[in-house]
Amino acid sequence: MSIVYHQEPDLYMSGFDPNWFVASSTQAHQTNFRFRTQICDASGNVLKQFRIPKDPDYGTLYFDTHRHIENYLSYDIANLIAQTTGWQKSVNCHIEYYINVAEEYGPDGSISVGASGNSTHIKAINSAENFDQWGEHSINNNRVIFLGTLEEVDWLTNSPDIPIRTGDSYELGTITNVAGTQGIDRLQVRTYDVSGNLLKTAMINNPYSAMTATDQQFLSILCGPDDLNNTSLSVGTQPLIEDDTAYYKVDIINSFGTQKIASKRFDIDRDCTRSGYTRLFWLNPLGRFDAFNFTQVSDDIIEAEQSRYSRILGVKTATTLTYSKSQVESSVFHSSFKQMYKLRSGFIPSEIAVWLKELIASPRVYMIIDGEFIPINITTNSYQAKTVLQEKLFNVEIEVERSVRNQRQRL
C-alpha cells in the first residue's frame, strides 16, 4: 500500500491560479475506494479535508487547491500607508501549505484508512497572473532568487521605467529562497545626472538575510525618492536624491557584490502641473502594489440617488386648516451620492499605456486624496492600450469612484 505523487505545483506558486496535484494509490482497485485529501498549513494544522473519488479513467487523484488556499491570502499596503522605510517582511501575501493524501476503502459500514503520504511544502503567494504567465510557471522561474540562478530575476512588478515625483512613494517586492551571503544582502541605489553620469552609490542592508523564518523570504522595500532620503544607509550619504538627480536605479546584490535582480529605473519628474496631480496605487497581478501619477486636470463629479414620497399639505388647528408656501409636498426620505473622478494621464509612451491595463483590471485600487489612501473602484470597463504607431501623442483617461457612498439627511 502506498501513495505516489506524480505531479505537484512549483515550490512557489500563484495562489489565485490553479495548483494541481496528481497522485495515485496501489489500492485504487479496492471496494469503495476514495482519496482522503487534507490541506495542511506548515505546522500540520488541517485547513480543509475532502473525500474524493478516484478518476474514472485512470484511477488517480486530480486535486486543485487554489480555491481553498486563496482564502488565506490578501495584500499588504500597511508599509506604504505608514511610510515605513527599509526592508520589511510582507504579511498576508503568502501561505506555506502541503497536502496529505490517504487511502480509504472497504465494504459499506466499515471503511478503513490505508497508507498516506505528504506532498512537498508549497509556498503560494497572493498573485493572479494571466494564463500565458502562470501556465509557464513564471513566479517560480522568473521571480524567485534561487541559489545558483544564472540570470537576474525580476521584481514583483511588470512596470516599465516610469516617472516619479520627488515626494512620491513606491514599493518593490521580491522573493528569495537563499539565506546568508548568496541571498539578499542589501539594496543598491545608484543615482545619475541628466547626462547619465553616476552621482552617488548607496546601500541599504537587509536585516533578514539570515532567513530564519519563512516570512523572511517575502520582502519589500520603499524606493520612492522621499522614501530613500529617509532611509538609514549602510553605505553612502544623505540626501541620496538631490536636485541634480535625473534618474536612479535600484537592485539587489549579495555580500560578494553580485547583482541578483534586474535593475528598476525611476525617472525624476519635475515638470510643472496645472493643478497638482493624482496618484493611484493598485494591486498588480504579482500581489504587490504599483503606482502611477495622472498629472492633468481631473474632473470632480457626483452621481446622486434620491427616493421621495408625497406629504399631505396643510397645517391643522382646532378650527382651521391652512396652507403655507414654505410647505414641502415632495419630500426626500433617502438621499445618497457617490463621488466620482475622471483622471487624465498626460502624454505617455507606449510601454506605460500597455502596463496600465493592469490598473484597469485590478481588484483593489487606492487614490491619494488629501494625503490619505482612499479606496476607489475603476468604473472604466474598456481600455485601449495605444501605441505611437497609432498616434504620435496620446494620453489615458479613466473614470473612478470612491468605494464608500455618502448618505444625506432623511427628512
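The basis for the numbers below is simple: all heavy atoms, side chains too, and nothing from hydrogens, waters or symmetry mates.
Between the side chains of Asn19 and Tyr97, a donor-acceptor pair is found at a separation under 3.5 Å. Judged purely by distance below 3.5 Å, without hydrogens or angles, the side chains of Asp154 and Asn142 never pair a donor atom with an acceptor atom. Side-chain contact of Lys260 with Thr176: a donor-acceptor pair under 3.5 Å is absent, judged by distance alone. For the 3.5 Å distance criterion, the side chains of Asn205 and Ser234 qualify, holding a donor opposite an acceptor. In the model, Tyr341 has no side-chain atom that pairs as donor or acceptor with a side-chain atom of Glu401 under 3.5 Å. Looking only at atom types and distance, the side chain of Ser116 has no donor-acceptor partner in the side chain of Glu103 under 3.5 Å away.
A search for salt bridge (Lys or Arg N to Asp or Glu O under 4.0 Å) contacts involving Glu242 returns Lys200, not counting sequence neighbours. Partners of Arg364 according to the side-chain contact (heavy atoms from CB on, under 4.5 Å) rule, which considers only residues two or more places apart in sequence or in another chain, are Tyr75, Leu283, Phe289, Tyr366. Shown here are the side-chain hydrogen bond (donor to acceptor under 3.5 Å, both in side chains) partners of Ser307, two or more places apart in sequence or in another chain: there are none. For Thr379, there are no side-chain hydrogen bond (donor to acceptor under 3.5 Å, both in side chains) partners at least two apart in sequence or on another chain. With sequence neighbours left out, Asp76 forms a side-chain hydrogen bond (donor to acceptor under 3.5 Å, both in side chains) with no residue at all. Residues satisfying the side-chain hydrogen bond (donor to acceptor under 3.5 Å, both in side chains) test with Asn32, not counting sequence neighbours, are Asp108. Shown here are the salt bridge (Lys or Arg N to Asp or Glu O under 4.0 Å) partners of Lys48, two or more places apart in sequence or in another chain: there are none. With sequence neighbours excluded, the residues satisfying side-chain contact (heavy atoms from CB on, under 4.5 Å) with Arg308 are Gln306, Ser330, Val332. Judged as a side-chain contact (heavy atoms from CB on, under 4.5 Å), and not counting sequence neighbours, the contacts of Leu356 are Trp282, Phe292, Ile348, Ile352, Leu359, Tyr383, Val396.
Asn230 places a side-chain N or O within 3.5 Å of a backbone atom of Asp226 that can act as its donor or acceptor partner. No donor-acceptor pair closer than 3.5 Å links the side chain of Ser403 to the backbone N or O of Asn377. No donor-acceptor pair under 3.5 Å is formed between the side chain of Asn130 and the backbone N or O of Asp132. Under a 3.5 Å cut-off, the side chain of Thr231 and the backbone N or O of Asp227 do form a donor-acceptor pair. Between the side chain of Gln88 and the backbone N or O of Thr85 there is at least one donor-acceptor pair closer than 3.5 Å. A donor-acceptor pair under 3.5 Å is formed between the side chain of Thr295 and the backbone N or O of Ser345. No side-chain donor-acceptor contact under 3.5 Å links Ser220 to the backbone of Leu172. Not a single donor-acceptor pair under 3.5 Å links the side chain of Glu358 to the backbone N or O of Trp355. No donor-acceptor pair closer than 3.5 Å links the side chain of Thr380 to the backbone N or O of Ser382. Put simply, the side chain of Glu70 never gets that close to the backbone of Asn126: no donor and acceptor are under 3.5 Å apart.
In summary, of the residues considered (Ile302, Val400, Val404), a side-chain contact (heavy atoms from CB on, under 4.5 Å) with Gln339 occurs for Ile302 alone. Each of Glu8, Gln7, His6 was checked for a side-chain contact (heavy atoms from CB on, under 4.5 Å) with Phe21, and the lone residue meeting it is Glu8.
For the ring-ring contact (aromatic ring centres under 6.0 Å, His included) condition, the pairs that include at least one residue of residues 41-61, sequence neighbours left out, are Phe50-Phe63, Phe50-His68. Within the structure, ring-ring contact (aromatic ring centres under 6.0 Å, His included) pairs that include any residue of residues 200-228 comprise His94-Phe218 (at least two apart or interchain). Applying the ring-ring contact (aromatic ring centres under 6.0 Å, His included) rule to pairs touching residues 167-188 yields Tyr170-Phe266, sequence neighbours excluded.
Considering all non-hydrogen atoms of both residues, Arg165 and Asp271 come closest at NH2-O, 2.9 Å. The minimum heavy-atom distance linking Phe337 with Ala304 is given by the pair CB-CA, 3.8 Å. Annotation for Ser24 and Phe35: closest pair C-CE2, 4.2 Å, computed over non-hydrogen atoms. Residue Ile111 comes nearest to Gly106 through the heavy atom pair CD1-O, 3.3 Å, listed as atom of the first residue, atom of the second, then distance.
Under 4.0 Å is where a charged nitrogen must lie from a carboxylate oxygen, and between Arg288 and Glu171 no such pair does. Salt-bridge annotation for Arg311 and Glu329: absent, with no side-chain N of the basic residue lying under 4.0 Å from a carboxylate O of the acidic one. A salt bridge is defined here as a Lys NZ or Arg NE, NH1 or NH2 lying under 4.0 Å from an Asp or Glu carboxylate O, and Arg190 with Asp251 meets this definition.
A cation-pi arrangement is absent between Arg344 and Phe294, since the terminal nitrogen or guanidinium carbon is not both under 6.0 Å from the aromatic centre and inside a 45° cone about the axis. A cation-pi arrangement is absent between Arg279 and Tyr277, since the terminal nitrogen or guanidinium carbon is not both under 6.0 Å from the aromatic centre and inside a 45° cone about the axis.
The local environment of CD1 in Ile312 is sparse, with at most 12 non-hydrogen atoms from other residues, nucleotides or ligands closer than 6.0 Å. Within 6.0 Å of the CG atom in Asp57, the count of heavy atoms belonging to other residues, nucleotides or ligands exceeds 12.
In summary, the aromatic rings of Tyr248 and Tyr192 are positioned with their centroids too far apart to meet the 6.0 Å limit.
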